[in-house]
Engineer: 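Structure provided below as structure tokens; questions to follow.
Because the structure is predicted, anything quoted here is derived from the model rather than measured. Each chain gets a letter, A, B and so on, in the order its sequence line appears, and its residues count up from 1.
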Amino acid sequence: MIVRKPLPRWADLILVPFLNLTLAFLISGLVVLIIGENPIEAVKILLFGAFGYGEGLGYTLHFATNFIFAGLAFSIASHAGQFNIGAEGQAYVAGLGAILVALALDQTHWLLVMPLAMIASAAIGGFWGFVPGYLAAKRGSHVVITTIMFNFIASAFMVYMLNRVLKQSDNMAPESATVVNAGRMPQLREWWDYFGYSPLNVMFFVAVAALIAAYILLWRTELGYKIRTMGQNPSAAHYAGISNSAIVMIAMTISGAVAGMIALNEVLGVQNRLVLDFVFGYGFVGIAVGLMGRNHPIGIALAALLFGALYQGGQELAFMMPAVTREMILVIQALVILFTGAMEGLFRRPLEMMFGMLEFSKSEKSDDAPASSKS
Amino acid sequence: MELFDSLILLLDSTVRLTVPLLLACLAGLYSERAGIFDIGLEGKMLAGAFGAAVVAALTGSAWLGLFAGIGVSVAMALVHGVASITFRGNQIISGVAINFLAAGLTTLLGQTWFRQGGRTPQLNGDARFNGFDFPFADQLAEVPVVGSIYSELLSGHNVLVYAAFFAVPITYFVLFRTRFGLRLRASGENPKAVDTAGVNVNMMRFKAVLITGILCGIAGAYLSTGMSSGFVKDMTAGRGFIALAALIFAKWMPVPALYACLLFGFLSALGNFMQGAELPIIGEVPVQLVQALPYILTVVLLAGFIGKAVGPKAGGIPYVKER
């Protein structure tokens, strides 16, 4: 008889994601083949572009910084059972906080600008996460729909702000004024020219710190325990005296605040001014990063690095192989989300059966052994 | 009279902008009524628009384009079905994936095949769905009020426009007056009861997802071969999500869906119309506010401040047959 048993831990954490990812990449390779390029050559260019030289590595880590924040934002909400698709909008509005602080304090020192800009971005991004959280907790709205709507509202609001409020009279483009001094995040290349012209900046260290902080928050504090309990079993949490609505609101606020950090990395790290659509879909990549990383900081770090490499290597690829455009990354991203997220059960069920059979034959053998020795 | 003429123009543009919303909204209605959440309407519509434009450009026939658009959209819908019904995956995640897949593949393949920055070639003549006039539209155009309503507002649209509005009573009939519709709705409310009655819940859900694919394909074909003359990158521009908002606004009912789509279509027509225009008392209203209004209204409605929108009870939950 075949019994389906839960997979062993290593298979659950490593084997299943690995198989799903492999399938996603195989199909991506097929797409490359369809548009008439050599997939193996493409992988070579991609890997070299992402890791082969200092500037490439710098860009990879810069993108990874965004994806760590976006992935953490998705995961923290996810641990509380909330599906936050709103990181994109939360990061977008947070740009306001970053640029306003940076413009106001441009003549001071970055050590002053950075913490204050982080607080301002976190406050605005957090607010943009809190409202859907509040509506979900107190009014029973579906958090997915509300966050989707909030992305669009954020987009319209920012177009308005950039066109009507922040736009400079001497500039035709809808952009804010440019920060020139202390408002710019220090670039790592100023200390180490290995990174070439890449915009890798101090926010990378903030992202690494955020990974550690998220681990401590979720697995080493009372609040984290409450968040995870609520996410896994709301009625058990309620029975244990945890206020579910408070936890939903807190988790969504933290989630939005973390997403807001993308604004510092992009607005004060690359553009030095607020521009339209500076988030560029990074918030959405967080969904893929969180799913792939199994909502654990270590997994998120690895997945963010993978997507950072895909984004940087993908740009190199678009440059070297004319048939491959930037949108190839979107296709790979979609396939990764599909196979590691929605079709996660594709390999799980067959594997469970396989492991079930292995266990069964093992136990049969061990049953036989003592009997034969007796005779 | 001038005011009346511009009103007619505004309403005419409302009708054109309502059609893709309405088709996508009805598409979502079938799927969500059967218990499958679908935030991938946008992606399916985009893929359908691309498929329709490519085949229409190659064959010169808008009808072949329409069938291709439906085919591509149905293929995407089947991916959603396999992921969320067969593998019992998360329906939201699957929808997100489909949106990205459509956005990426359409531009990538469009660039590979036509090398026009993701555009498809300009469509002319029979490769587009052209408007046709009602009888006597020309003669009646001169008649005050009734004439312009008849010949401007009602006549002169393409066949997909009339099909979209006709789909509303059909959807109502199918969902609320047939056995198929009862079973479909029951699959989204109480799948166990459907199963007990000897009906295959997963098969019902697959059928619903299939209809969703067909309608999204028509919506896409309308965008690329009816409303404009060819496919442009990201041409759905969030319409799939407005349709989703309209669906919630209509509380998952077909006739209210028509009203919600007309309202949101009117808002986007008004947004285009008001670009930079000054209103008498209020002064200049920001276009962005008008554009964001459908989303804001949906958030407010969902929060139960104006009425309460409650979706199908078993929505989003994969059905597992008891053993």
Side-chain angles (χ1 to χ4, degrees), chain A residues 31-32 34-37 83 85 131-132 134-136 138-142 144-146 148-161 163-164 281 284-285 287-288 291 322-346 348-349, chain B residues 37 39 43 79-80 82-84 86-113 115 117-118 233 238 241-242 244-245 248 286-299 301-305 308-311 316:
Chain A
V31 174
V32 174
I34 288 171
I35 59 174
E37 295 280 1
F83 201 96
I85 328 198
V131 178
Y134 166 79
L135 293 175
K138 297 285 186 188
R139 313 286 315 191
S141 304
H142 202 302
V144 172
I145 307 289
T146 317
I148 290 176
M149 299 301 142
F150 263 62
N151 284 340
F152 284 103
I153 298 171
S155 175
F157 173 66
M158 292 299 279
V159 172
Y160 175 79
M161 288 303 284
N163 272 305
R164 300 297 175 86
F284 289 124
V285 184
I287 302 169
L291 287 172
V324 179
T325 59
R326 284 193 48 86
E327 281 74 17
M328 188 63 219
I329 306 170
L330 270 185
V331 175
I332 300 178
Q333 190 180 317
L335 291 168
V336 168
I337 294 179
L338 189 66
F339 287 111
T340 62
M343 293 229 206
E344 213 249 351
L346 185 63
R348 184 171 292 271
R349 272 192 262 180
Chain B
F37 280 156
I39 63 169
V79 172
H80 187 53
V82 168
S84 56
T86 313
F87 289 112
R88 295 177 208 146
N90 186 319
Q91 300 167 6
I92 306 291
I93 296 175
S94 166
V96 170
I98 281 174
N99 286 338
F100 282 131
L101 197 62
L105 275 183
T106 50
T107 318
L108 192 63
L109 293 178
Q111 174 64 17
T112 307
W113 290 339
R115 313 223 167 261
K233 181 181 168 180
F241 293 108
I242 298 198
L244 200 63
I248 295 163
V287 179
Q288 290 82 17
L289 182 65
V290 180
Q291 283 164 347
L293 214 49
Y295 306 116
I296 297 173
L297 285 174
T298 305
V299 169
L301 178 85
L302 254 186
F305 293 117
K308 190 96 188 123
V310 181

Engineer: Nearest heavy-atom pair of A245(B) and T298(B): which atoms, and what distance?
Structural biologist: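 That closest heavy-atom pairing would be CB-OG1, 3.1 Å.
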Engineer: Please determine, among E344(A), R326(A), H142(A), R348(A), the option with the most heavy-atom pairs under 4.5 Å with chain B.
Structural biologist: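 If we count pairs closer than 4.5 Å to chain B, H142(A) comes out on top.
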Engineer: Which residue out of I35(A), L291(A), N163(A) racks up the most heavy-atom pairs below 4.5 Å with chain B?
Structural biologist: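 Most heavy-atom pairs under 4.5 Å with chain B: I35(A).
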Engineer: Might you point out which heavy atoms bring F87(B) and R349(A) nearest each other, and give the distance in Å?
Structural biologist: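 Closest heavy-atom pair between F87(B) and R349(A): CA-NH2, 3.6 Å.
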Engineer: Check each atom of I85(A) against the heavy atoms of chain B and say whether the ones under 4.5 Å are side chain, backbone, both or neither.
Structural biologist: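 When you check distances to chain B, only side chain atoms of I85(A) fall under 4.5 Å.
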Engineer: Side chain, backbone, both or neither: which part of L346(A) has a heavy atom under 4.5 Å from chain B?
Structural biologist: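 Its backbone and side chain both get close to chain B.
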Engineer: How far apart are the closest heavy atoms of G238(B) and Y295(B), and which atoms are they?
Structural biologist: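 What the structure gives for the nearest pair is O-OH, 3.9 Å.
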Engineer: Could you look at T86(B) and say if it's the side chain, the backbone, both or neither that has a heavy atom under 4.5 Å from chain A?
Structural biologist: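 Just the backbone, heavy atoms under 4.5 Å.
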Engineer: Side chain from CB out, backbone as N, CA, C, O: work out which of these in V31(A) comes under 4.5 Å of a heavy atom of chain B, or both, or neither.
Structural biologist: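 For V31(A), side-chain heavy atoms alone lie under 4.5 Å from chain B.
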Engineer: Below 4.5 Å, heavy-atom pairs only: which of Q333(A), M343(A), E327(A) has the largest tally toward chain B?
Structural biologist: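 Option with the top pair count is E327(A).
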Engineer: Looking at S155(A) and N151(A), would you say the former's side chain and the latter's main chain have a donor-acceptor pair under 3.5 Å?
Structural biologist: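 Checked: no pair found.
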Engineer: Answer with side chain, backbone, both or neither: which region of S84(B) has an atom nearer than 4.5 Å to a non-hydrogen atom of chain A?
Structural biologist: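 The answer is neither part of S84(B).
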Engineer: So which part of F83(A) gets closer than 4.5 Å to some heavy atom of chain B, the side chain, the backbone, both or neither?
Structural biologist: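 When you check distances to chain B, only side chain atoms of F83(A) fall under 4.5 Å.
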Engineer: Please flag which part of I248(B) lies under 4.5 Å from any non-hydrogen atom of chain A: side chain, backbone, both or neither.
Structural biologist: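 Interface part for I248(B): side chain.
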Engineer: Go through the atoms of I329(A) and report whether side chain, backbone, both or neither lie under 4.5 Å from a heavy atom of chain B.
Structural biologist: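 Neither part.
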Engineer: Out of curiosity, I287(A) CD1 to T340(A) OG1, how far, rounded to the nearest 0.5 Å?
Structural biologist: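 One gets 11.5 Å once the value is rounded to the nearest 0.5 Å.
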Engineer: CD1/I34(A) to OG1/T112(B) distance, rounded to the nearest 0.5 angstrom?
Structural biologist: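 That separation rounds to 10.0 Å.
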Engineer: For H80(B) and F37(B), indicate whether the former's side chain and the latter's backbone hold a donor-acceptor pair under 3.5 Å.
Structural biologist: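 Yes; at least one donor-acceptor contact below 3.5 Å.
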Engineer: Any heavy-atom pair between the side chains of L135(A) and L302(B) that's under 4.5 Å?
Structural biologist: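 L302(B) vs L135(A): side chains apart.
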Engineer: Name the orientation class of the two ring planes belonging to F152(A) and F241(B) (parallel below 30°, tilted from 30 to 60°, perpendicular beyond 60°).
Structural biologist: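 If you compare the ring of F152(A) with that of F241(B), the planes turn out tilted.
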Engineer: Non-hydrogen atoms of chain A under 4.5 Å away: do they reach the side chain of L293(B), the backbone, both or neither?
Structural biologist: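 Contact with chain A: none, neither part.
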Engineer: Quick check for you: among G341(A), G345(A), A156(A), which has the greatest number of heavy-atom pairs under 4.5 Å with chain B?
Structural biologist: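 Of the options given, most contacts go to A156(A).
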Engineer: Under a 4.5 Å heavy-atom cut-off, does chain B meet the side chain of L338(A), its backbone, both or neither?
Structural biologist: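 Both backbone and side chain.
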Engineer: What pair of heavy atoms forms the shortest contact from V331(A) to L105(B), and how long is it?
Structural biologist: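 It is CG2-N, 3.6 Å.
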Engineer: Which of the residues L108(B), I242(B), N90(B) is involved in the greatest number of heavy-atom pairs with chain A at under 4.5 angstrom?
Structural biologist: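 Maximum pair count with chain A is reached by L108(B).
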Engineer: Does any heavy atom of chain A fall under 4.5 Å from the side chain of S94(B), the backbone, both, or neither of them?
Structural biologist: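 Interface part for S94(B): both.
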